[in-house]
Every structure is written in C-alpha cells, then in structure tokens.
Amino acid sequence: MFDASNLKVDLSADTLVEYATTILTFVRTNLQEYIDTRSIRDEIEDLICLIIAYRFLLNLLVLIYGYGPIRVLYDFYKTVTSQITHRLLSLPVLREKVQKQVADTRAIIENEFIKNPRGATYRSIPEHGLTDNQVKRKLDTLAKEKAANWQGGQVSGAVYFGDDKVAKLQADTYYKFCFANQLHPDAFPGVRQMEAEVVSMVLKLFNAPATGCGTTTSGGTESLLLACLAAREKAFSERGITEPEIIAPVSIHAAVFKASKYFKMKLRLVDLNDDFTVNVAQVKRLINRNTCFIMGSAPNFPYGTIDNIEALSDLAVRYDIPLHVDCCLGSFIVAYYSRAFGEELPSFDFSLPGVTSISCDTHKYGFTPKGSSVILYRHPNYRRYQYFVSTEWTGGLYGSPTLAGSRPGALTAGTWATMIAIGNDGYINSCREIVLAARRLKQAIHDEIPALEVIGDPLVSVVAFKSDKLNVHTLSDNMTKRGWHLSALQRPSAVHLCVTRLSVPVIEDLINDLKVEVDELLEKHEEVESTTAQLYGVANSLTVNSVADDIISAFLDVLYQDEKST
Ligand SMILES: *Cc1c(COP(=O)(O)O)cnc(C)c1O
Ligand SMILES: CC(=O)N[C@H]1CO[C@H](CO)[C@@H](O)[C@@H]1O
C-alpha cells in the first residue's frame with residue numbers, strides 16, 4: 001500500500017550537501033559534454049535563443065496573468081489575421097483595388113477640405129510684398145471659409161470659450177509680446193515671470209504640495225509626451241529599466257499611444273469596467289518589474305468618465321511606481337467643480353499620495369489661447385527627467401525644459417493674461433454652466449430618447465452615447481447636415497459631445513435635433529450606412545483594417561495639399 005510517510009524528505013545537513021553535490025556533478029558533467037561537443041559559435045547561438053525564449057515566455061506570462069489566456073489567444077489571432085490580410089492586400093491584383101478605394105476616399109476628403117478661395121491663395125512667396133490692407137482683405141476671405149459653425153456652439157470641444165472680450169485681450173497680449181522667446185529668459189524676464197506664475201497658479205488648483213513644480217507646454221499632447229519621457233528616464237536611471245512599460249486604460253488619450261511609439265515604451269492597455277472606468281484589478285495584475293508608469297484620466301476623452309484614481313494611487317504607493325493623472329480635458333472644470341457645486345468629485349489630484357504628475361490643458365477649460373497646457377509634478381525629482389541638457393554641443397552649454405527649443409512668449413503671456421482676467425469667479429461660473437448643460441443633455445438622452453444610451457456616468461463636461469437600435473455614426477452624420485459636429489468613438493461605436501461655453505445656450509436645440517434625427521432613422525428601416533459608419537466599419541473589420549491606416553494617411557496628406565489633385 002502507498003504510505004505517505006515514505007515521502008518524508010530527510011533534510012539533515014549531510015543529505016542536503018549530498019543532494020547538492022549530486023546535482024552539481026550532474027550539471028557539470030552534462031555542461032562539460034555540451035561544451036566539448038558544441039563549437040563556440042553554436043554555443044553563442046544557443047545562448048541567444050535561450051535569452052529570446054526566456055524573454056518571450058516572460059512576456060507571455062505577463063500577458064496571460066494580466067489578460068487571461070482566452071484574450072491572449074484572441075489578440076494573437078487578430079494580429080495574425082491582420083498580418084495575413086495586410087500581406088494579401090499588397091499582392092498586385094488586390095493592391096490595385098485597394099489603391100482605387102483609397103483614391104476614391106481621398107477625392108471625397110479633398111472635396112471637403114480643399115477650398116482654394118479665389119484670390120487668396122499663394123503657392124510661392126509673391127514677388128512684391130503686399131500692403132497691410134491687401135493682406136487683411138485676403139485674411140478676411142480666408143476667415144470666411146468655414147465648414148463648421150463653432151461660434152454657434154455646434155462643434156464638440158475645439159473652441160471652449162469664444163468670448164469676444166477675451167479674444168481681444170489675447171490679441172492685444174500677443175501684439176505686446178509677439179517677439180518674445182522663452183529660450184532667452186535674460187532678454188524677456190517678464191515672460192519668464194509669467195510662465196513661473198502660470199505653473200504656480202495651476203499647481204494650487206490641483207492641491208500640489210510645497211515641493212510641487214512643472215512647466216508650460218504647447219498642449220496636452222506635449223504634456224503627456226513629457227510625462228511619459230520623464231517616467232522612462234527615471235526608471236532607466238534609478239532602476240536600470242531598459243524595456244519600460246506603461247499601464248493605462250484603453251480610454252487613455254491617443255497622445256499616450258504616441259508617446260509609446262516615439263519613446264519605445266510598451267503600452268499595456270487595461271480594459272474598462274461596466275461603468276467605463278479603469279479595471280483596477282487588471283492594472284494590478286499587469287504590474288511587473290518593467291512597469292515604469294501607471295496612468296489614469298480625470299476624465300477621459302471618449303466618455304468623460306473619471307477613473308478610480310484613489311485605487312490607482314494605492315497601487316502606485318504600494319509598488320512605488322509613478323502615477324499620472326490626465327486632467328488635460330478635466331482642466332479647470334474638475335479643478336473648480338467643488339467650488340461651483342459645493343460637493344466633491346471623487347479624488348483625483350495631488351491630495352492622493354500616489355499621484356506624481358498631472359497634465360492640465362489651459363487651452364481647454366482655462367480658455368487660454370491654443371497651444372497652451374501645463375505639466376505638473378509632485379517633486380522636482382520627477383521634473384528633472386524631462387529636461388534636456390547638453391554640455392557637448394559646439395553651440396554652447398544648452399538646456400531646454402520641454403520638447404520645443406524656441407517657444408512663443410506671446411502664448412505664455414496670453415495664458416497668464418487670460419487666467420487673471422477671468423479669475424476664480426469667472427471660472428466657477430463657467431464650470432457651473434458647462435456642467436449643468438452636460439447634465440441636462442445626459443438626463444434628456446436618458447429620459448427622452450430611449451433609442452440612445454448614455455455611456456457610463458459622466459460627471460463633468462463630456463456626454464457619450466451609443467445605441468443598439470440604430471447606427472450612431474450614421475446618426476452623427478445626419479446631425480452634421482443640421483450643423484452639429486459630434487465626435488465619433490469606437491469599441492463600442494458611440495458618439496460624444498464635449499460641452500463648451502459655446503454649446504451651453506444651444507443645448508436644448510441639440511436635444512431637439514437629436515430627437516428628430518433619431519426618429520427619422522428609426523422610421524427608415526432599411527440600413528443605409530453613412531460614410532463615417534462605413535469608415536469605422538472598415539477600421540474595425542479584422543480583414544481590412546490596414547486599409548483604414550491608408551485612408552487616415554491620405555487624409556493627413558490632403559492637409560498639406562495646396563490644390564485638388566484632379
Ligand atoms: C485634449 C486631450 C489631450 C491632449 O490633447 P491636445 O490636443 O494635445 O491638447 C489629452 N488628454 C485628454 C483626455 C484630452 O481630452
Ligand atoms: C434624415 C436624414 O437625413 N437621414 C439620412 C441619414 O443618412 C443616411 C445615410 O447617409 C441617409 O440615407 C438618410 O436619408
């Protein structure tokens with residue numbers, strides 16, 4: 001009979017030494033034999049294979065642990081399928097077809113974007129300079145060219161304030177500082193002062209500790225790029241991490257995908273919970289020794305939902321990993337929310353100990369001129385890793401705090417001037433108006449348009465909705481015919497409105513137009529997909545999604561075209 005007591009292992013010192021010697025001898029003899037029979041070259045090859053296999057396995061384990069085996073298999077299947085179709089589509093027979101399709105789409109894009117107003121186009125510098133009045137007339141012509149009614153508040157996001165008084169102030173400020181360059185603080189001490197004060201004002205809004213610091217940047221994208229770069233450099237310098245990884249929800253802004261590509265950081269995307277905020281348990285599972293940054297949004301761009309930053313902060317503290325909160329969109333809305341409504345949002349700022357950096361776009365709800373954002377850090381120890389310094393350059397000792405070299409001082413002055421002109425009372429008021437309008441939209445969709453479903457529970461200025469009764473992208477295109485420019489989202493197919501000061505007075509009009517268009521679409525039973533709906537269909541199809549890349553690139557090409565190609 002089987003006797004478990006026989007399995008007892010003798011752990012006395014002598015036997016342990018005996019075991020160890022046996023194992024060592026085994027390894028030694030085999031290794032010796034291996035060394036004797038293989039050439040140095042073979043051995044090096046084997047070693048490299050071993051390292052590659054080890055790293056592949058490690059990566060696979062992280063993936064399986066983080067996402068589960070089924071999801072990993074599915075992603076693998078997706079990658080393989082799209083690789084194969086990509087290859088297939090580049091076969092001569094098919095390539096022609098694809099190129100034709102892309103060219104057709106490109107022609108549509110050209111028609112929409114290239115306007116060439118008569119008498120106001122230059123393909124090269126005119127031989128003789130024009131008078132100011134001539135230039136102004138041409139500028140007037142170009143300013144009249146517009147496809148979207150942003151002044152009427154019909155565009156999602158884009159222009160957040162549009163107040164004429166503020167525009168005047170910004171233009172005057174630009175004139176005063178139009179030659180200023182922050183690269184030369186000695187020549188423009190006033191601009192240096194203003195930049196420092198802009199950073200300091202925004203730090204206060206996000207409850208930074210006394211050690212808080214930051215820099216201004218050219219926009220949310222640059223703020224996020226710098227935050228990722230700093231995290232990468234810090235991880236390399238302090239922990240020797242050479243394969244840095246970012247963990248962020250799928251709802252994180254595209255600028256983080258850009259950072260991942262530019263700076264060669266692996267982006268581990270995290271799924272969302274049913275409420276469309278980050279799945280914190282999955283974040284935890286994805287943390288490994290290469291993790292150098294955790295990111296969350298307050299709120300995110302697609303749905304306007306706020307991630308559970310408190311839980312992310314706990315993880316960040318526990319594993320000692322820097323945590324970034326993207327408040328690019330939240331901007332001054334989340335910062336002023338408690339003062340506007342007398343109640344708190346779920347915590348998202350430096351009051352949580354794990355939060356090490358925050359990006360805030362002043363050019364969104366700070367209403368400052370476009371090209372202005374701020375990146376904030378808990379401590380200078382984080383900020384110094386975004387700096388570029390060179391003592392080698394023949395051009396002299398060089399140091400630059402952000403991505404750009406020369407920077408427009410006029411923008412910093414415009415930012416500073418706008419912020420002190422609007423003041424706390426102005427920002428509190430606009431926060432209240434905007435959030436109330438967004439709440440009204442949310443309520444109306446929920447109560448009065450049963451065919452649409454609000455996504456998650458957006459607390460601030462963005463409201464996204466989807467539908468299982470109609471194609472929302474077609475709905476959105478039909479709304480465009482009424483002047484509305486909503487933003488298309490995917491996975492799931494949805495549409496959002498980012499409420500600005502300009503959309504506040506027209507929110508009821510939007511609701512009414514939505515009702516009418518929804519009814520019309522529901523009445524028409526035949527499924528006609530609009531251009532946007534088709535494009536997203538292509539982008540999400542497993543077999544032809546590489547065509548979508550070509551179409552987006554064609555779109556970018558068209559932006560730099562001075563005339564139509566046909
Ligand atoms: C707008 C936005 C950004 C940055 O965008 P920019 O266009 O570069 O200013 C980043 N994150 C979120 C959530 C945003 O909405
Ligand atoms: C009411 C309306 O304009 N409906 C249109 C929505 O878009 C589809 C596809 O372009 C058209 O077929 C509908 O007529």
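Quick caveat, the model's predicted, so the values are computed rather than measured. For ligands, and for the atoms within them, numbers begin at 1 and follow the listed sequence. Here, residue 1 is the first one in the sequence, and each next residue gets the next number.
Side chains of T215 and T402: no donor on one and acceptor on the other come within 3.5 Å. For the residue pair D75 / Y67, no side-chain donor-acceptor distance below 3.5 Å is found, with atom types taken as modelled. A side-chain donor-acceptor contact under 3.5 Å links Y385 and S237.
For ligand 1, the atoms lying closer than 4.0 Å to a non-hydrogen atom of K364 are 1 (C), 2 (C), 3 (C), 4 (C), 5 (O), 14 (C), 15 (O). Of all the atoms in ligand 1, the ones that sit under 4.0 Å from a non-hydrogen atom of L224 are 10 (C). Those atoms of ligand 1 with a heavy atom of F301 less than 4.0 angstrom away are 13 (C), 15 (O). Of all the atoms in ligand 1, the ones that sit under 4.0 Å from a non-hydrogen atom of H363 are 9 (O).
The six-membered or imidazole ring of F332 lies away from that of Y365, with a centre-to-centre distance of 6.0 Å or more.
Judged as a salt bridge (charged side-chain N to carboxylate O under 4.0 Å, His left out), the pairs with a partner in residues 265-280 (not counting sequence neighbours) are, in order, R71-D271, E245-R268.
Close N/O approach between G220 and ligand 1 is found [any backbone or side-chain N/O within under 3.5 Å]. Below 3.5 Å of separation, one finds no N or O of E222 facing any N or O of ligand 1. On a distance-only criterion, N300 and ligand 1 share no N/O pair closer than 3.5 Å.
Annotation for T173 and L169: closest pair OG1-O, 2.6 Å, computed over non-hydrogen atoms.
Note that R285 lies outside the cation-pi zone of Y319, set by a 6.0 Å cut-off to the ring centre and a 45° limit from the axis.
The closest protein non-hydrogen atom to atom 11 (N) of ligand 1 is D326 OD2, 2.7 Å.
Contacts of T221 with ligand 1, taken as heavy-atom pairs under 4.0 Å, involve both backbone and side chain.
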